[in-house]
A.B. asks: 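Mind looking over this structure? Questions follow.
Note that these values count all heavy atoms, side chains included, but never hydrogens, waters or copies made by symmetry. Letters go in sequence order (proteins before strands), and every chain restarts at 1.
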There are 2 protein chains.
Amino acid sequence: MSKETVSIGLSAAIVAVEGERPSVLVVAHDGAADALPFGPFDPAQQRTLESGLRKWVGEQTRFDLGYTEQLYTFGDKGRHESAAGPRVVSVGYLALTRKGKEAPETEWRGWYHYFPWEDWRDSKPAMIDSTILPALKKFVKDAPNAETAELRRERVNVCFGEGWDEERVLERYELLYEAGLVEEFWRDSGKANKGPSLGTPMLYDHRRILATAIARLRGKLKYRPVVFELMAPTFTLLELQRAVEALAGLRLHKQNFRRLVAEQGLVEGTGKFNAPVRGRPAELFRFRRVVLRERPAPGVRLGVRRSKAS
Amino acid sequence: MSKETVSIGLSAAIVAVEGERPSVLVVAHDGAADALPFGPFDPAQQRTLESGLRKWVGEQTRFDLGYTEQLYTFGDKGRHESAAGPRVVSVGYLALTRKGKEAPETEWRGWYHYFPWEDWRDSKPAMIDSTILPALKKFVKDAPNAETAELRRERVNVCFGEGWDEERVLERYELLYEAGLVEEFWRDSGKANKGPSLGTPMLYDHRRILATAIARLRGKLKYRPVVFELMAPTFTLLELQRAVEALAGLRLHKQNFRRLVAEQGLVEGTGKFNAPVRGRPAELFRFRRVVLRERPAPGVRLGVRRSKAS
DNA sequence: CCGCATAATACTCATTTCGAGTATATATGT
DNA sequence: ACATATATACTCGAAATGAGTATTATGCGG
């Protein structure tokens, strides 16, 4: 094993939405922490990193990855590899798919298990005021000097202060990590955690990769029609809205949502209607693929609401 | 050299702006193609990829990298390494700095040398209509089948059709690459180019990394105050506007630009004025660092003009 | 020292977008 | 029939946006 070479690992946050639940495919061995599917990159066989990813995902799971996107390359010492063997650099990917039968050893898990503070659909998660903000206040106060304290105060404000920016998923996770509010911090530092531990931990730095994936997806949503990778071929407008809301972790204004989607030419009606459980039947729509040719940034601009219920 | 391991290279697009010219630091050996500063990553010495980057940039050049950001990890076979030796995976970075004395062997070069079709400040570059579009039309026509032709037509339209999206720098470069309009395509495929060759080529895949850097910077500009990393401590509003225009490759509406910048609280006046060459003296402004605490997405929203001159 | 070119800065205006709400239509269940 | 639930259409005001005109402060050439 040469000193100058490293081994490359590919991790994938494979995302699907079922109804109102955004889910991620995890490998869950009993006892061990949840992990993202992970595979080695074989430089001898594969021409590109992405083809390597598609290959082992195809082998290990049965999913057809539609949209895939590289997220970030992590090379931090000690956050991945074992003491023996070569240094591991891991390249994280985001992949979107429609849920199917999962492979053995894997299962779908709602991503808000890992990030409960990111779901604002019902209301601001109570844990923010009850647990997170007090703990972060302490984190600011415990800063070694005034300058660090000021920086920390700024970060706390940006992440959890006035005006929720749903895209800052990674920033918030990293802040909670540094403040010792997630289990991984204590695991990585080898000390015992005596305080709160928020959300379900994951193996290695996988929760960080997942945070990156969610952040990227929430951003992309607004200017590229990526949601449709997660939808069935036809869907009602409410189903589409629920999917977007699930991903963004926010409630949207129904009437404005359909106005946006329609005006942008993102969807077209099929003339068919669903069989409703209750209420007036909704028309089934399909994604207008041609919009890719027409508009420069055809995303689902999410008309965020400012006040009460929908 | 193990079969399963690769060697990691770090490339950096180090960007500065002088007046109206956005520049990138290149290593220019006589005869050879321009290259981005490139250094190997030493897994034995460095804890993270970014610390590895900062180390050799600090050694080779004299710059203090302010803002740095990882761009993308390229692992394509044949686009980087030599036949012998290990497979090279290259991690690209974007770094912003203020121009200083460059190191030996390096020089600043305007980035539009490499992407002449990306500079729309004066007008739509003539080469688009005279050279690019006809060649791409041929590229569509030469498609092996109707489906590929349709896909290509769509891409051509998105990249160079109605409605210029200044952020699609990478998409455009990749399209030109595949259509054989940039020298690198012919170099990589080992054939002789008989057609036009647009812009100045670079070593390996460095022009692709630079395209990624420009795209990322143009996007970030709008929602994070990154321009200020490139400005002197104080500046006039016109200087700021010119810098943004240089990066975006677009002209902006002067009065609206200052309205945006002022309303968003991005800058504050110093009460001092410059010594004008002509015209009324302009007030010198400085970046309001506190804005980071106040606003969720404090970027320079660039009120793009739709008609004639400023 | 006057008028002009040039640039900075202030202010106006119409249009579009956006958040929010009301009104109406069409189902189901009792 | 009517209560309830959902789908869809339409309205309204506030804010943001694109574009322009007006005014102010300089240097410079006569």
Side-chain angles (χ1 to χ4, degrees), chain A residues 19-20 163-164 222-223 234-242 244-245 248 250-285 295-310, chain B residues 19-20 163-164 222-223 234-242 244-245 248 250-285 295-310:
Chain A
E20 307 230 9
W164 181 256
K222 292 168 193 158
Y223 60 95
T234 68
F235 44 84
T236 71
L237 292 181
L238 188 59
E239 282 164 1
L240 182 64
Q241 182 183 339
R242 292 294 179 235
V244 173
E245 288 175 340
L250 294 171
R251 282 282 168 225
L252 307 178
H253 185 281
K254 190 178 191 173
Q255 296 90 325
N256 291 346
F257 180 81
R258 46 173 59 238
R259 174 173 67 185
L260 280 178
V261 162
E263 271 175 10
Q264 296 214 119
L266 284 170
V267 297
E268 60 190 356
T270 61
K272 293 177 185 166
F273 292 78
N274 71 349
V277 189
R278 285 185 300 248
R280 175 173 167 175
E283 187 170 4
L284 291 167
F285 288 79
R295 297 182 53 88
V300 178
R301 310 224 278 319
L302 20 95
V304 180
R305 60 169 43 260
R306 282 176 189 162
S307 65
K308 40 172 197 166
S310 69
Chain B
E20 307 231 11
W164 182 255
K222 293 167 194 159
Y223 60 95
T234 69
F235 45 81
T236 70
L237 292 181
L238 188 59
E239 283 164 1
L240 182 64
Q241 184 183 338
R242 293 291 179 238
V244 173
E245 289 176 340
L250 293 172
R251 284 282 167 224
L252 307 178
H253 186 280
K254 192 180 191 171
Q255 296 90 324
N256 291 346
F257 180 80
R258 47 172 58 238
R259 176 175 63 186
L260 277 179
V261 162
E263 272 176 7
Q264 297 214 116
L266 284 170
V267 297
E268 62 191 353
T270 61
K272 293 178 185 164
F273 291 79
N274 72 348
V277 190
R278 284 183 302 249
R280 173 173 171 175
E283 185 168 7
L284 291 168
F285 288 78
R295 296 182 52 86
V300 179
R301 308 225 279 316
L302 22 92
V304 180
R305 61 169 42 261
R306 282 177 189 164
S307 65
K308 40 173 193 165
S310 71

A.B. asks: Once rounded to the nearest 0.5 Å, what's the spacing between atom CZ of B:R258 and atom CG of B:L260?
C.D. replies: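 CG of B:L260 is found 12.0 Å from CZ of B:R258.
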A.B. asks: Hey, is the side chain of A:Q255 pairing donor to acceptor with the base of C:dT22 inside 3.5 Å?
C.D. replies: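 Answer is yes: a donor-acceptor pair is held.
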A.B. asks: Mind calculating the distance between CG (B:N274) and C1' (C:dA7) to the nearest angstrom?
C.D. replies: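 One finds 10 Å between C1' of C:dA7 and CG of B:N274, rounded.
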A.B. asks: Expressed in angstrom and rounded to an integer, what is the separation of A:K222 atom NZ from C:dC18 atom C1'?
C.D. replies: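 For the pair A:K222 NZ and C:dC18 C1', the rounded distance is 15 Å.
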A.B. asks: How many Å lie between CG on A:L252 and P on C:dC18, as a whole number?
C.D. replies: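 Distance, rounded to whole Å: 13 Å.
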A.B. asks: Nearest whole angstrom, please: distance from the P of C:dA8 to the CZ of B:F257.
C.D. replies: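 Going from B:F257 (CZ) to C:dA8 (P), I get 12 Å.
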A.B. asks: Is any side-chain nitrogen or oxygen of B:K254 closer than 4.0 Å to OP1 or OP2 of C:dT9?
C.D. replies: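 So the side-chain polar atoms of B:K254 never come under 4.0 Å of the phosphate oxygens OP1 or OP2 of C:dT9.
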A.B. asks: Would you say the side-chain atoms of A:E283 pair up with the backbone N or O of A:F273, donor to acceptor, closer than 3.5 Å?
C.D. replies: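 Pair absent, no side-chain N/O of A:E283 close to backbone of A:F273.
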A.B. asks: What's the CZ-C1' distance between B:R259 and D:dG18, to the nearest Å?
C.D. replies: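 So the CZ-C1' distance, B:R259 to D:dG18, works out to 8 Å.
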A.B. asks: Do B:V261 and B:F285 make a side-chain contact, defined as non-hydrogen atoms from C-beta onward lying under 4.5 Å apart?
C.D. replies: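 No. Closest side-chain heavy atoms not under 4.5 Å.
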A.B. asks: Taking NZ, NE, NH1 and NH2 as the nitrogens, is one of them in A:E245 or A:R242 under 4.0 Å from a carboxylate oxygen of the other?
C.D. replies: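 A salt bridge links A:E245 with A:R242.
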A.B. asks: Provide, to the nearest angstrom, the distance between the CD atom belonging to A:E239 and the P atom belonging to D:dT6.
C.D. replies: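 So the CD-P distance, A:E239 to D:dT6, works out to 13 Å.
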A.B. asks: Write down the distance between CZ (A:R258) and P (D:dA9), rounded to a whole number of angstrom.
C.D. replies: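 It is 7 Å, rounded to the nearest whole Å.
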A.B. asks: Of the nucleotides C:dC18, C:dT9, D:dT8, which one has an atom closest to the side chain of B:A282?
C.D. replies: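 Among C:dC18, C:dT9, D:dT8, the one nearest the side chain of B:A282 is C:dT9.
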A.B. asks: By nearest heavy atom, map A:F273 and A:G279 onto DNA chain D; which one lands nearer the 5' end?
C.D. replies: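 Taking each residue's closest nucleotide, the earlier one in sequence belongs to A:G279.
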A.B. asks: Could you report the tightest heavy-atom contact between A:Q241 and A:L252, atom names first, then the distance?
C.D. replies: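 Heavy-atom minimum between the residues: NE2-O, 3.2 Å.
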A.B. asks: For A:R278 and D:dT4, is the shortest distance between a side-chain N/O and OP1 or OP2 below 4.0 Å?
C.D. replies: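 So the side-chain polar atoms of A:R278 never come under 4.0 Å of the phosphate oxygens OP1 or OP2 of D:dT4.
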A.B. asks: Can you measure B:Q264 atom CD to D:dT17 atom P for me and round it to whole angstrom units?
C.D. replies: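 In whole Å, D:dT17 P lies 8 Å from B:Q264 CD.
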A.B. asks: What I want to check is whether an N or O donor and acceptor connect the side chain of B:R280 with the base of D:dT24 at under 3.5 Å.
C.D. replies: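 Donor-acceptor pair under 3.5 Å: yes.
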A.B. asks: Quick check on DNA chain D: between B:L302 and B:P281, whose nearest nucleotide comes earlier from the 5' end?
C.D. replies: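 The residue whose closest nucleotide sits nearer the 5' end is B:L302.
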